Amino acid sequence: MAERLQILVLNQISPLGLQRLPTDRYRVGKDVSEPDAVLVRSADMHAMAIAPSVQAIARAGAGTNNIPVPQLSARGAPVFNAPGANANAVKELVLAGLLLAARHLPAALRFVDGLDPAAADLDRTVEDGKKAFAGFELAGHTLGVIGLGKIGCLVADAAIKLGMNVLGHDPEITVDAAWSLPSQVKRAGSIAEVLRGCDFVTLHVPLLPATRGLVGAANIGLMRPGAVLLNFSRDGVVDDGAVAAALAAQALAYYVCDFPSPALHGRPRVIALPHLGASTREAEENCAVMVVDQLRDYLEHGNVLNAVNFPAVTMARESAYRVAIANANVPNMLGQISTAMAQAGLNIHNMVNKSRGEMAYTLVDVDSAVAPAVLDSLRRIEGVLSVRYLPQQL
Ligand code: MLT
């Protein structure tokens, strides 16, 4: 049997995804010492020693802030994710968050928990007590959506269907996302405009240096008195200290989030869930299937789809002999790669090269087998980050 590829699994990943790695070609587990790739959900990999054998990391989710992406880029390894695969699950939890706040449901449930079910006056206590939890309806209120990727668009669409007004903001909205938005969604030119103009504001941006503390002391005061802030993206996107101060000053009615934190723990107007956004059977299955398929296609054919640090590159297989090269996006790399191949007497059958930022990626199909010495000569070209040989019977 040919040597199997080794996949290290750091978290619970849906079996529906893992089953797509056939056991005759893959060894999958938590005790893999020289992994070819890593499958991860939320494990923090920043402090982890990532084995030199790792050629790719696949995250069964959208965010990749638990992965040291620049470190992987420097070694020419892609980091895959599953954009959109859990978007419906997160959307549904955001809708729950709107209702939890608008109808004061956590406090109402705490009140019921505290009742004595054997008390003779239970009914009267309930009827008297409920006055404290009178809420308002979502319809007619305005929801601000900051970040109109897959999740933000689904949330905006659902809110329109619930009769809400929606104000959206995303300076980098894609053409696809723009097409998917209902025409009733109004476009805001800035985050400040959203904060000023809405009863609810929900955040759907990745955690990046540019989005850290996106809502904080400098702008939380712009929110309408009694507004509700929802954060189902990442904890660092909101400054918890600023939220605590706004809640204490009763400027903010509720902070609904998926990230418990010491600064906010125990505050009655904080509704914190334990990172449940993507925790549905359907989302876990969708994410696992999507990233496993992407990872397999990369390991076996070098194709790249949905990597956060690589360009999307796919090429149909027309030759048994494929070389995949990641390199710095600088002049004359392709010239040097094709010269090294020509000098080795290799005929290029097909080739594709794309770049994204500082990363370039090339797939080359040649007409005959590639000797290890040729691969080594490619690796020695300055700027080449990784070279993989992917021979396969057609
Ligand atoms: C995501 O980034 O999509 C979520 O964090 C996924 C998860 O909960 O694992």
Side-chain angles (χ1 to χ4, degrees), residues 7-21 26 28 37-45 56-67 69 72 78-97 145 147-158 170 172-181 202-208 211 231-234 237 258-259 273-300 303-314 356:
I7 310 292
L8 174 64
V9 181
L10 294 179
N11 296 104
Q12 188 84 15
I13 303 288
S14 164
L16 224 63
L18 297 181
Q19 282 158 16
R20 298 167 88 88
L21 296 166
Y26 290 89
V28 180
V38 179
L39 266 172
V40 60
R41 187 166 165 186
S42 292
D44 187 352
M45 297 187 71
I57 293 185
R59 170 146 208 274
T64 52
N65 58 304
N66 56 324
I67 300 168
V69 178
L72 274 300
V79 174
F80 294 99
N81 69 346
N86 56 28
N88 193 61
V90 181
K91 173 203 82 181
E92 290 187 1
L93 203 63
V94 172
L95 297 180
V145 184
L148 291 164
K150 295 236 167 45
I151 299 171
C153 286
L154 286 183
V155 169
D157 179 60
D170 189 338
E172 289 174 21
I173 189 167
T174 63
V175 174
D176 279 353
W179 274 107
S180 77
L181 276 178
T202 183
L203 304 169
H204 298 288
V205 295
L207 179 61
L208 304 168
T211 58
N231 177 13
F232 286 82
S233 353
R234 282 293 181 266
V237 167
D258 217 4
F259 314 103
L273 301 169
H275 196 194
L276 285 182
S279 292
T280 64
R281 190 184 63 241
E282 296 86 344
E284 287 172 1
E285 290 174 358
N286 289 344
C287 286
V289 166
M290 190 167 171
V291 287
V292 166
D293 285 355
Q294 290 166 181
L295 183 61
R296 231 189 118 177
D297 201 15
Y298 177 73
L299 291 173
E300 296 179 23
N303 291 326
V304 175
L305 186 63
N306 293 324
V308 296
N309 56 343
F310 268 52
V313 177
T314 55
R356 173 176 176 182

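A quick note: this is a predicted structure, and the numbers were derived from the prediction, not measured.
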Determine whether Ile13 and Val28 make a side-chain contact, defined as any pair of heavy atoms from C-beta on separated by less than 4.5 Å. no

Measure the spacing between CG of Asp44 and CG of Asn65 and express it to the nearest 0.5 Å. 8.5 Å

Where do Thr280 and Ala89 come nearest, in terms of heavy atoms and distance? OG1-CB, 3.6 Å

Quick one: does any side-chain atom of Asn286 pair with a main-chain N or O of Ala85 as donor and acceptor, under 3.5 Å? yes

Do Val291 and Arg59 have side chains that get closer than 4.5 Å, going by heavy atoms? no

Distance col, row Ile173:CD1 vs Ser180:OG, nearest 0.5 angstrom, shows 7.0 Å

Would the distance check show the side chain of Arg234 and the main-chain N or O of Leu208 forming a donor-acceptor pair, the cut-off being under 3.5 Å? no

So, does Asn11 use its side chain to make a donor-acceptor pair with the main chain of Arg41 at under 3.5 Å? yes

Donor-acceptor pair, distance only, cut-off 3.5 Å: does the side chain of Arg281 make one with the backbone of Glu285? no

Got a donor-acceptor contact below 3.5 angstrom from the Thr211 side chain to the Pro206 backbone? yes

Do Asp258 side-chain atoms and His275 backbone N/O form a donor-acceptor pair below 3.5 Å? yes

Ignoring hydrogens and angles, tell me if any N or O in the side chain of Asp170 forms a donor-acceptor pair with the backbone of Leu148 under 3.5 Å. yes

All heavy atoms of Met290 vs all of Pro83, minimum pair found to be CE-O, 3.5 Å

Taking every non-hydrogen atom, the tightest pair across Arg356 and Val308: NH2-O, 3.1 Å

Can you confirm whether or not the ring centre of His204 sits under 6.0 Å from the ring centre of Phe232? no

Within a strict 4.5 Å, meaning less than it, do heavy atoms of the Pro78 and Asn309 side chains meet? yes

Flag, side chain of Asn81 to backbone of Ala62, donor-acceptor distance under 3.5 Å: yes

How many angstroms lie between CZ in Phe80 and CD1 in Ile67, if you round to the nearest 0.5 Å? 11.5 Å

Minimum-distance pair of heavy atoms, taken over all atoms of Val304 and Pro311: CG1-O, 3.4 Å

For the residue pair Ser233 and Phe259, what are the closest heavy atoms and their distance? O-CZ, 3.2 Å

Gap between atom CG of Leu93 and atom CG of Asn86 - 0.5 Å precision: 11.5 Å

Rounded at 0.5 Å granularity, tell me how far CG in Leu181 sits from CG in Asp176. 11.5 Å

In this structure, which one of Thr64, Val40, Asn306, Val38 forms a side chain to side chain contact (heavy atoms under 4.5 Å, CB included) with Val79? Thr64

Pairwise distance CG(Asp157) to CG(Leu154) - rounded to 0.5 angstrom: 7.0 Å

Validation row: Asn88, Glu282 side chains within 4.5 angstrom (heavy atoms): no

More than 12 heavy atoms of other residues, nucleotides or ligands under 6.0 Å from CD of Glu300: is that the case? yes

